[in-house]
Student: 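Starting off with a structure, shown below.
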Amino acid sequence: MATVELVACWFWVGLALMLPWIILKLWKRGDTGVQNLPPSPWRLPVIGNLHQVMASGPLLHHAMADLARRLDTPLLYLQLGEVPVVVASSPEAAREITKTHDLSFANRPWSPSVRVLVAGGDAQGIMFARYGALWRQVRKICVLELLSARRVRLCRHVREEEARRLVAAIAAAAAQGKATVDVGERISAAMTDLVVRLVIGDRFDRPEEFLQVFKEGKKLATGKVSLGDLFPSSWIARLLSGNMRRAEANHRKMFELMDRAIKQHQERRGNVVEEEDMVDVLLRLQNQDDDLDEPLTMGTIKSFLRDLFNGGSETAVIEWVMAQLMRNPRVMQKAQAELRESLQGRQKVTEDDLNQGFGYRYLKLVIKETLRLNNAVPLLMPRECRETCKIMGYDVPKGTTVFVNAWAIGRDPKYWVDAEEFIPERFESSAVDFNGTDFEFIPFGAGRRMCPGMALGLASHELMLATLLYHFDWELPAGVSPSEMDMTEEMGVTMTSRMKNGLHLRPIVRVPLKTAT
Ligand code: HEM
């Protein structure tokens, strides 16, 4: 049975088992109070709008976009099990939530799964941290230290080394006569290695174990909706959700390994650190306690590092860019021609070349267009309403989970000509950018909780892509034409959208890598 059917089947079995609890809830139910809530489709008792959302399959952003379109509303109210949800599906609604009333939506909701991750509040990190002094502290460290433009520049040699290793691995597969390579898997391995090096450095003695625990954690944190999160007050639902115990064990193991990495860094601290990794920076700041508004506890440091791993190792965008290029041979040809013409004669792609404008003006437009159509984080990360407020004339009650459907906004024909077409040139003469001020295009979010890793993410993505396009030509598997490519989406970790069946392509070496580098 297909995974989707299996998930759906378990979902309905779970609901059936919860029937006695549902009846009890119905019996106890009081009035919800009169409020001018945003438009909502009809609801069933207790499960609310779950049946409508689940009916369209596991892609929440598609289901939510359909419902908003059907009701012709920029702001949609849904009751998902016990969880009240508001979805913003227009640039105006997104602006109200992430800018005008940013402070009212500066929290992330803590579902039971998130509670496991943040260990009840002792390991809030940054992604799920409650808005307040601690979050402000870690966010400042991100912006000024760990992910600053200066640090992104300083670590460019690590990105270049990993990009070269990626090329070498793909070239070796091509030389062995492999029909195709799993491009997503290769990129993911390269990006995970990259982020491990940036965060804990080269000298950690158990990198393999760390990677394994990290990968298992990612599998456990699938973006699929869990019964326990939909009915947080029900222990039966939590029991049926199953994964919680494994997630707790994974969390413990991950923190144990981080303890070891931190200890190794501490032991080294007496020596001169030639090049600081992120653990070094955090330990240095921890020692300069007087400069901190909130103390950096070990729990905070470890959860902070965990979030940086998660944010930094996401590779869905690169895979989507490659897929769109294969589907649009004209665009692929233009991007490669520009790169090869301007980098002619060079044995490798360097960030200095790219930054000086060598050959990737068009590639930048390609990445932008992919972020519009295949937004890797389609619903951004959920916010929670901290105080009841009015958005576009409707009441959004305190405690509501709020999604911004950036995916739907990026495809809305009201704001985009030929919205479903892949046309990088649309950005050529347009000032619209993803820096969080043009609300029709917000792949990195906007406002206080906007992605702090944008510069690092873009630098890594641009270099990896330029390298893949410069060194190789790419072919689809025999018998598959560009228009027949499987572009089916699925939800990955922390609500990211990735290619469900991967991207398998045949690489043909065009510019061989010089081995002596
Ligand atoms: C192309 C790559 C990336 C994309 C598309 C992306 C996208 C996003 C989005 C949409 C959000 C939620 C914003 C919101 O709620 O308004 C986010 C948050 C975040 N991202 Fe990224 N991101 C990327 C790369 C990175 C990298 C490289 C890092 C760090 C190593 C990172 C770290 C984070 C963190 C820590 C948050 C949470 C911020 C907070 O809650 O204060 N991201 N990202």
Side-chain angles (χ1 to χ4, degrees), residues 61 88 94-95 97-99 102 105-110 114 117-118 124-132 134-143 145-148 151-152 155 158-159 187 191-192 194-200 277-278 281 303-321 364 367-368 370-372 374-384 401-407 409-410 434-437 439 441-465 492-498:
H61 52 296
R95 176 196 297 270
I97 284 161
T98 59
K99 187 174 178 201
D102 191 13
F105 296 96
N107 265 351
R108 305 269 187 221
W110 282 7
V114 171
L117 209 67
V118 299
Q124 294 193 36
I126 174 168
M127 278 188 180
F128 301 102
R130 293 277 194 223
Y131 177 73
L134 184 64
W135 171 81
R136 279 196 298 274
Q137 173 79 76
V138 288
R139 179 89 195 182
K140 195 166 143 194
I141 294 174
C142 264
V143 175
E145 292 272 355
L146 304 180
L147 302 170
S148 67
R151 190 157 299 272
V152 172
C155 61
V158 184
R159 287 190 293 278
I187 296 169
M191 288 290 277
T192 309
L194 169 64
V195 78
V196 169
R197 285 184 67 188
L198 293 181
V199 177
I200 46 178
D277 54 45
M278 294 192 187
V281 174
S303 45
F304 195 3
L305 295 173
R306 171 203 62 207
D307 290 353
L308 293 168
F309 280 124
N310 278 322
S313 60
E314 197 45 63
T315 53
V317 178
I318 308 186
E319 201 178 3
W320 282 120
V321 173
K364 268 180 176 264
I367 295 173
K368 262 183 152 180
T370 309
L371 285 167
R372 179 186 74 81
N374 303 102
N375 187 337
V377 198
L379 293 170
L380 307 185
M381 289 179 65
R383 313 275 179 116
E384 186 184 75
T401 293
V402 178
F403 289 106
V404 175
N405 198 340
W407 174 85
I409 296 172
F434 41 52
N435 52 18
T437 50
F439 292 87
F441 186 43
I442 44 172
F444 293 95
R448 278 182 173 73
R449 299 219 65 152
M450 187 179 168
C451 177
M454 189 169 90
L456 176 61
L458 285 173
S460 320
H461 283 44
E462 285 164 1
L463 182 71
M464 292 277 176
L465 279 163
V493 189
T494 49
M495 309 278 285
T496 48
S497 146
R498 63 181 182 205

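One-based numbering, in listed order, for ligands and for the atoms of each. Keep in mind that the numbers below use all heavy atoms, side chains included, and drop hydrogens, waters and symmetry copies.
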Student: Do any nitrogen or oxygen atoms of Trp135 lie less than 3.5 angstrom from nitrogen or oxygen atoms of ligand 1?
Tutor: yes

Student: With heavy atoms of Leu308 as the reference, note each atom of ligand 1 found under 4.0 Å away.
Tutor: 30 (C)

Student: Starting from atom 17 (C) of ligand 1, find the nearest protein heavy-atom neighbour and note its residue, name and distance.
Tutor: Cys451 CB, 3.5 Å

Student: Under the side chain to side chain contact (heavy atoms under 4.5 Å, CB included) test against Phe444, which residue among Val377, Asn435, Leu371 passes?
Tutor: Leu371

Student: Mind checking whether Phe434 and Ile442 have side chains closer than 4.5 Å, heavy atoms only?
Tutor: no

Student: For Ala446, take its heavy atoms, then give the atoms of ligand 1 lying under 4.0 Å from any of them.
Tutor: 16 (O)

Student: Taking Arg151's backbone N and O only, do any of them form a donor-acceptor pair with Ser148's side chain (distance below 3.5 Å, no angle check)?
Tutor: yes

Student: Would you mind running through ligand 1 and noting each atom that sits below 4.0 Å from a heavy atom of Gly457?
Tutor: 27 (C)

Student: State the atoms of ligand 1, each with its element, that fall below the 4.0 Å cut-off from a heavy-atom position in Leu380.
Tutor: 10 (C)

Student: For atom 32 (C) of ligand 1, which of the options Ala106, Gly311, Ala406 provides the nearest non-hydrogen atom?
Tutor: Gly311

Student: With a 4.0 Å cut-off on heavy atoms, is Glu314 touching ligand 1?
Tutor: no

Student: Measure the distance from atom 10 (C) of ligand 1 to every protein heavy atom, then report the residue, atom name and distance (to 0.1 Å) of the closest one.
Tutor: Pro443 O, 3.3 Å

Student: If you look at every heavy atom in Met191 and Ser460, which pair is closest and at what distance?
Tutor: CE-CB, 3.9 Å

Student: So do the side chains of Arg108 and Val114 get within less than 4.5 Å of each other, counting heavy atoms only?
Tutor: no

Student: Does Ile126 approach ligand 1 within less than 4.0 angstrom via side chain, backbone, both or neither, non-hydrogen atoms only?
Tutor: both

Student: Can you tell which of Cys142, Ala459, Pro452, Gly453 gets a heavy atom nearest to atom 19 (C) of ligand 1?
Tutor: Pro452

Student: Return the closest protein heavy atom for atom 5 (C) of ligand 1 as residue, atom name and distance.
Tutor: Phe444 CE2, 3.6 Å

Student: Does Asp307 reach the side chain of Val138, with side-chain heavy atoms less than 4.5 Å apart?
Tutor: no

Student: How does Arg383 reach ligand 1, if at all, at less than 4.0 Å between non-hydrogen atoms: by side chain, backbone, both, or neither?
Tutor: side chain

Student: Heavy atoms only: which of Ala455, Ala376, Gly312, Pro382 lies closest to atom 29 (C) of ligand 1?
Tutor: Gly312

Student: Working to the nearest 0.5 angstrom, can you tell me the gap between Lys368 NZ and Phe441 CZ?
Tutor: 6.0 Å

Student: I'd like the name of whichever of Met450, Arg139, Arg108 reaches closest to atom 15 (O) of ligand 1 through any heavy atom.
Tutor: Arg108

Student: Nearest 0.5 Å, please: how far is CZ in Arg159 from CG in Leu463?
Tutor: 7.5 Å

Student: Please tell me if the side chains of Val404 and Ile409 come closer than 4.5 Å, counting only heavy atoms from C-beta onward.
Tutor: yes

Student: Taking N or O atoms only and a 3.5 Å limit, does His461 qualify as a polar contact for ligand 1?
Tutor: no

Student: Test side chain to side chain contact (heavy atoms under 4.5 Å, CB included) on Arg449 and Leu380; report intermediate values, then the result.
Tutor: CA-CA 10 Å; Arg449 299 219 65 152; Leu380 307 185; over 6 Å; no

Student: Do me a favour and list the nearest non-hydrogen protein atom to atom 13 (C) of ligand 1 with residue, atom name and distance?
Tutor: Arg449 O, 3.2 Å

